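Just so it is clear: chains get the letters A, B, ... in the order the sequence lines come, proteins before strands, and each one is counted from 1. All values reported here derive from a predicted model rather than from experimental measurement.
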There are 2 protein chains.
Amino acid sequence: MERLTTMARRQAASAETSADEAAPPPEKRRRVRIKPEERYREFVSKAVELFAEVGFDAGTRELAQRLDVTQPLLYRYFPSKSDLISAVYKEIYLDRWKPGWSGMIEDESEPLRARLQHFYEDYTETIFTPEWLRIYMFAGLRGVDINARYVVNVETDLLMPMARAVRRELGLDPDAPVRPEEVELFWTLHGGIFYYGVRKVVYGFDCPIGKEQMIANAVAAFLDGAASVMRGFAAEEAAPPIAPSSRRRSPGSRR
Amino acid sequence: MERLTTMARRQAASAETSADEAAPPPEKRRRVRIKPEERYREFVSKAVELFAEVGFDAGTRELAQRLDVTQPLLYRYFPSKSDLISAVYKEIYLDRWKPGWSGMIEDESEPLRARLQHFYEDYTETIFTPEWLRIYMFAGLRGVDINARYVVNVETDLLMPMARAVRRELGLDPDAPVRPEEVELFWTLHGGIFYYGVRKVVYGFDCPIGKEQMIANAVAAFLDGAASVMRGFAAEEAAPPIAPSSRRRSPGSRR
DNA sequence: GTGCTTATTTATCAATCGATAAATGATGCG
DNA sequence: CGCATCATTTATCGATTGATAAATAAGCAC
């Protein structure tokens with residue numbers, strides 16, 4: 001009680017200003033006890049919400065206020081703010097990944113185009129939310145390795161299955177190793193769809209075309225176009241190019 | 001480093017501790033006078049660099065330090081930090097836009113595919129830099145209108161010219177108003193290419209395929225695929241669909 | 001009820017932030 | 001040279017940040 005330190009000292013040193021009038025009522029806090037693991041989930045969940053809105057510079061006090069809890073309580077559950085951020089990463093990029101996606105893509109009981117349509121409808125339902133997209137971008141800008149690792153998952157579990165599926169469709173060898181050019185080609189499809197979500201959800205741009213229709217058009221155009229390009233890759237593979245240094249030729253034969 | 005003023009003051013006020021030992025040499029600042037407009041450009045330029053690295057929460061003190069100038073000097077050139085940020089926006093999204101791009105796309109003295117190739121090589125040379133991409137993302141996450149306005153420019157000056165060019169190529173009416181579905185289709189090409197830059201420059205992902213080759217493949221695949229999809233659009237336009245409510249049919253005929 | 005455990009709050013620190021006022025000195029003009 | 005202008009620095013404020021220590025009280029066991 002007696003240890004008035006910095007503020008009191010400053011005040012006393014600067015002037016009088018009799019600081020103890022109009023003191024707001026102390027306003028006792030209602031104190032509810034919740035079992036730790038539930039609190040933990042509560043904290044992470046609200047942290048996801050707050051960080052998605054404001055970014056990782058959002059204050060711990062604001063988070064505590066939204067949870068109707070005092071700020072130091074956070075430090076009983078997370079040693080530091082960066083630990084809280086790690087928990088947020090895990091919640092979004094690990095817990096929300098569905099292992100069934102790669103199966104959806106390669107399962108041949110349905111036509112390829114329909115499979116891609118269904119996969120992307122499901123995938124975008126997961127990631128086209130402010131929480132997912134915004135935190136993904138915030139994390140990427142922070143330079144954490146999360147995004148680089150996530151991108152590897154996308155390549156191995158989504159894009160390479162797609163490449164194999166298209167090869168089967170075209171009668172090409174589905175077991176040949178997927179070439180980097182092919183992966184890159186599927187990235188343009190994936191990135192194009194991804195960017196639709198960014199425009200709509202993050203930039204708040206009004207997209208007149210619905211998500212399903214956009215996916216349908218993108219997939220249809222891609223499959224048609226990718227066919228000739230990938231046939232070109234395969235031909236190049238079968239008959240190695242005459243001059244290996246002239247690798248800048250435009251690939252694939254026109255229709 | 002420069003905050004030992006406060007500390008020294010506190011020390012002197014609180015107790016003895018003979019605060020003037022080990023006192024770092026006051027270290028007079030070299031004071032150089034530079035004409036205001038040059039300073040201004042210097043400030044904006046370094047601010048672009050700093051904000052691209054750290055984000056808009058980068059401190060004014062750090063910026064001043066990089067400029068080898070004291071922090072209050074910034075406030076002689078910018079009334080507030082947000083004014084500095086506005087200047088950064090202008091430098092990147094207005095000053096770096098080349099009005100010649102739309103001409104590059106529609107100029108028919110070259111084949112369409114080559115035009116798109118050259119345009120995207122030039123365009124990506126402008127935007128595939130940490131400064132451009134990272135500040136674009138930071139700004140988008142902040143919710144400033146900059147991005148929404150930029151996106152409009154992309155649509156009207158880049159994507160709609162592309163759509164018209166493809167129509168000419170296909171023998172369709174180039175003067176018919178560009179339909180939203182078409183714009184959206186070109187967004188998938190644009191977004192796909194854009195996302196290559198994000199992966200490489202922002203996420204630091206190692207892309208084994210060079211920029212030019214990636215553009216070549218994306219453009220080739222897109223043009224082949226977009227052809228059938230856009231022919232589907234045109235047919236739908238000429239002969240209005242029987243049941244206007246069943247708009248979920250997949251567009252375009254398969255090859 | 002009594003008492004113990006521990007979830008929660010109160011009080012506070014040191015650092016950093018954007019911003020302002022006043023002192024200083026480099027530069028060009030006469 | 002002397003002098004005035006103004007670009008630049010010094011000093012400092014008040015607010016806010018992440019984090020810690022100590023006091024408090026909710027809820028369970030008995």
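The interatomic distance linking A:Phe78 (CZ) with D:dA19 (P) rounds to 13 Å, in whole Å. The separation between B:Leu84 atom CG and C:dC17 atom P is 15 Å, rounded to whole Å. One can place CD of B:Glu42 at 13 Å from C1' of D:dT8, the figure rounded to the nearest angstrom. Here the C1' atom of nucleotide C:dT9 and the CG atom of A:Leu74 are 13 Å apart, to the nearest Å. The interatomic distance linking A:Gln65 (CD) with C:dT10 (P) rounds to 14 Å, in whole Å. Residue B:Tyr40 contributes atom OH, which lies 19 Å from atom C1' of D:dT8 at whole-angstrom precision. Remark: C1' of D:dT9 and CG of B:Leu73 are 9 Å apart, rounded to the nearest angstrom. If you measure from atom CD of A:Glu38 to atom P of C:dT6, you get 18 Å, rounded to the nearest angstrom.
Taking the six-membered ring for Trp and the full ring otherwise, the centers of B:Phe194 and A:Tyr195 sit less than 6.0 Å from each other. Remark: aromatic rings of A:Tyr196 and B:Trp187 are distant, center separation not under 6.0 Å. Remark: aromatic rings of A:Phe51 and A:Trp132 are distant, center separation not under 6.0 Å.
The residue among B:Thr60 and A:Gln71 whose nearest nucleotide of DNA chain C is located toward the 5' end is A:Gln71.
For the OP1/OP2 pair of C:dT27 and a distance below 4.0 Å, the side-chain nitrogens and oxygens of B:Arg33 include no atom meeting the criterion. Residue A:Tyr77 places at least one side-chain N or O under 4.0 Å from the OP1 or OP2 atom of C:dT8.
With respect to the salt-bridge test (charged N to carboxylate O, under 4.0 angstrom), the residues A:Glu184 and B:Arg199 qualify.
Of the listed nucleotides (D:dT8, D:dG18, D:dT12), D:dT8 has the atom at the smallest distance from the side chain of B:Ile34. Nearest to the side chain of A:Pro72, among D:dG18, D:dT8, C:dT9, sits C:dT9. Picking from C:dG18, D:dT17, D:dA7 the nucleotide with the shortest atom distance to the side chain of B:Arg76 gives D:dA7.
For the side chain to side chain contact (heavy atoms under 4.5 Å, CB included) with B:Leu141, the lone residue among A:Leu133, A:Val202, A:Val54 that qualifies is A:Val202.
Across all strands, B:Pro36 comes closer than 4.0 Å only to sugar-phosphate atoms, never to a base (heavy-atom distances). Nucleic acid contact class of A:Arg39 (heavy atoms, under 4.0 Å, all strands): sugar-phosphate only. B:Ala58 comes within 4.0 angstrom of the backbone, heavy atoms only, and of no base.
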